[in-house]
Amino acid sequence: MAVVGGNGWLGREIVGTAGQQGLDVTVVPRDVASDRGALADALWDMDVVVNAAGCTNPGPDEHEQAVAANEKLPARLAELAAENGWRLVHIGSAAEYGPGASGPTPLTEDQACAPVSLYGQTKLAGTQAVLHGRKRGADAIVARVFNLVDAELPAHNPIHDVAAPFLAAAASTKGPPVVEIEVGIGDPTTTRDLATRGWAAAAIVELARCDDPWPPLVNVCSGRATSFGELAEALARQLHLQLSVQDLGWPRGGRIVGDPALLRDLVPLAPPERPDALARSILAGESQC
């Protein structure tokens, strides 16, 4: 197995999970992935390739980098999969659905996509390139990953700002013990489908090992709705803090939750984590949690 982008935040977890299961894993770093010839040479004898590479938080002046990482690389991998006969698991993103998908009904894989961000648009283009590759003979699947949490949250992760004050409180060793915390959240009612990085990595490795015919696209999601306010309450419980949440009045983020039925049909999965388990994962690196 090869993991393209295996040094990234999710890629590292996939590599570690695969290694724990006794799989022989090759990490293909981003500099190799950017060279068409070097990429082909690195992957020619693989049985399955997971593409975890991507430009995850492109700024408005990074359009070219986002297209190269999120669209052109998946297209090239799909071409190589068709040419060489190995299987491709391409990691997509729930951002492809776009904010218009918000609503009470869990999102299935046939939900129409209308992304508005550069990230979502280029990730959708990458998904379309992989699906086009399937029509040309590539044994490929798009694993569309929803929101993930864990320790070491990247700054662009939507949960980062919710978790930051709790992480600071957990790490503080100065002054009297903290017993109360007031947290400002842009919109505490924003509700997302949250899972830990480890849970998602395990699902992706299981997909990579699956011998059954793959569907074109599968949601990698928990199916569990967790609002930012509920996550804050869980973080406070883990630290035994009395919590006061201030709604900062940002535009309402709505409810975007996936339907994991197809994923469950394909691979064995542990039950999705409840908010307290998500909170423990976020706080895992802090001694007071």
Side-chain angles (χ1 to χ4, degrees), residues 3-14 29-30 33-34 51-71 73-74 90-99 101-102 113-127 143-168 171 183-188 190-201 204 220-222 226-229 231-232 235 248 250-258 278-279 281-286:
V3 180
V4 180
N7 294 320
W9 188 70
L10 178 56
R12 292 197 309 272
E13 195 74 17
I14 295 169
R30 189 170 291 185
S34 64
N51 179 32
C55 182
T56 55
N57 189 38
D61 59 343
E62 295 178 310
H63 184 272
E64 185 175 340
Q65 295 95 312
V67 169
N70 297 342
E71 178 180 353
L73 175 59
H90 169 66
I91 297 177
S93 169
E96 298 170 39
Y97 288 121
S102 174
C113 293
V116 297
S117 67
L118 175 58
Y119 174 65
Q121 291 167 352
T122 54
K123 287 296 290 183
L124 178 59
T127 287
R144 188 170 274 165
V145 176
F146 280 61
N147 296 97
L148 303 182
V149 302
D150 212 334
E152 307 171 12
L153 282 171
H156 62 265
N157 187 299
I159 303 302
H160 179 275
D161 289 347
V162 177
F166 296 97
L167 290 168
V183 177
I185 301 177
D187 172 25
T190 291
T191 300
R192 293 293 181 264
D193 187 312
L194 303 182
T196 62
R197 177 174 52 162
W199 185 90
I204 291 164
V220 177
C221 61
S222 70
T226 303
S227 73
F228 287 4
L231 183 61
L235 287 161
L248 300 181
W250 291 12
R252 305 294 90 172
R255 181 185 189 275
I256 298 179
V257 177
L278 297 172
S281 175
I282 292 169
L283 296 167
E286 303 302 335

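This is a predicted model, so every value here is computed, not measured.
Here the straight-line distance linking atom CD1 of Ile91 with atom CG of Leu10 works out to 4.5 Å at 0.5 Å rounding. For the atom pair CD1 of Ile14 and CZ of Arg197, the computed distance is 10.5 Å after rounding to the nearest 0.5 Å. Taking CG from Leu148 and SG from Cys221, the interatomic distance works out to 10.5 Å, rounded to the nearest 0.5 Å. Rounded to the nearest 0.5 Å, atoms CZ (Phe228) and CD1 (Ile159) are 4.0 Å apart. Glu62 contributes atom CD, which lies 8.0 Å from atom CG of Asn57 (distance to the nearest 0.5 angstrom).
Panel note: side chain Thr122, backbone Glu71; no donor-acceptor pair is recorded below 3.5 Å. Looking at Arg30, its side chain never comes within 3.5 Å of a backbone N or O of Ala69 through a donor-acceptor pair. Looking only at distances, a side-chain donor or acceptor of Ser102 sits under 3.5 Å from a matching main-chain atom of Arg255. No donor-acceptor distance shorter than 3.5 angstrom exists from the side chain of Asn70 to the backbone of Gly54, with no hydrogens or angles considered.
The shortest distance between side-chain heavy atoms of Leu231 and Leu278 falls below 4.5 Å. Within the 4.5 Å cutoff, the side chain of Asn147 has heavy atoms near those of the Pro158 side chain. For the pair Tyr97 and Arg144, the minimum side-chain heavy-atom distance is below 4.5 Å. Contact check for Ile204 versus Val145: side-chain heavy atoms found under the 4.5 Å cut-off. Side-chain contact between Leu167 and Leu283: present, with at least one pair of heavy atoms (C-beta onward) separated by less than 4.5 Å. By the 4.5 Å heavy-atom criterion applied to side chains, Val4 and Leu73 are counted as neighbours. Thr56 has its side chain out of reach of Trp9: every pair of non-hydrogen atoms, C-beta onward, lies at least 4.5 Å apart.
Dense packing is recorded around CD of Gln65, with more than 12 heavy atoms of other residues, nucleotides or ligands lying under 6.0 Å away. For NE2 of His160, the number of neighbouring non-hydrogen atoms (other residues, nucleotides, ligands) closer than 6.0 Å is greater than 12.
The heavy-atom pair separating Gly254 from Asp187 by the smallest distance is N-OD2, 4.5 Å. The minimum heavy-atom distance between Val3 and Gly11, with the atom names listed, is CG1-O, 4.3 Å. Of all non-hydrogen atoms in Asn7 and Arg12, the two that sit nearest each other are O-NH1, 3.3 Å. In terms of heavy-atom proximity, Ile256 sits nearest to Gly98 at CD1-O, 4.1 Å. Taking each heavy atom of Val257 and Phe146 in turn, the nearest pair found is C-CE2, 4.0 Å. Residues Ala201 and Glu13 approach most closely at CB-CG, 3.5 Å, considering heavy atoms.
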Residues Thr196, Asp150; criterion side chain to side chain donor-acceptor pair (under 3.5 Å); working and verdict: CA-CA 6 Å; Thr196 62; Asp150 212 334; 5.7 Å; no

side-chain contact (heavy atoms from CB on, under 4.5 Å) assessment of His63 paired with Val67: CA-CA 6 Å; His63 184 272; Val67 169; 3.4 Å; yes

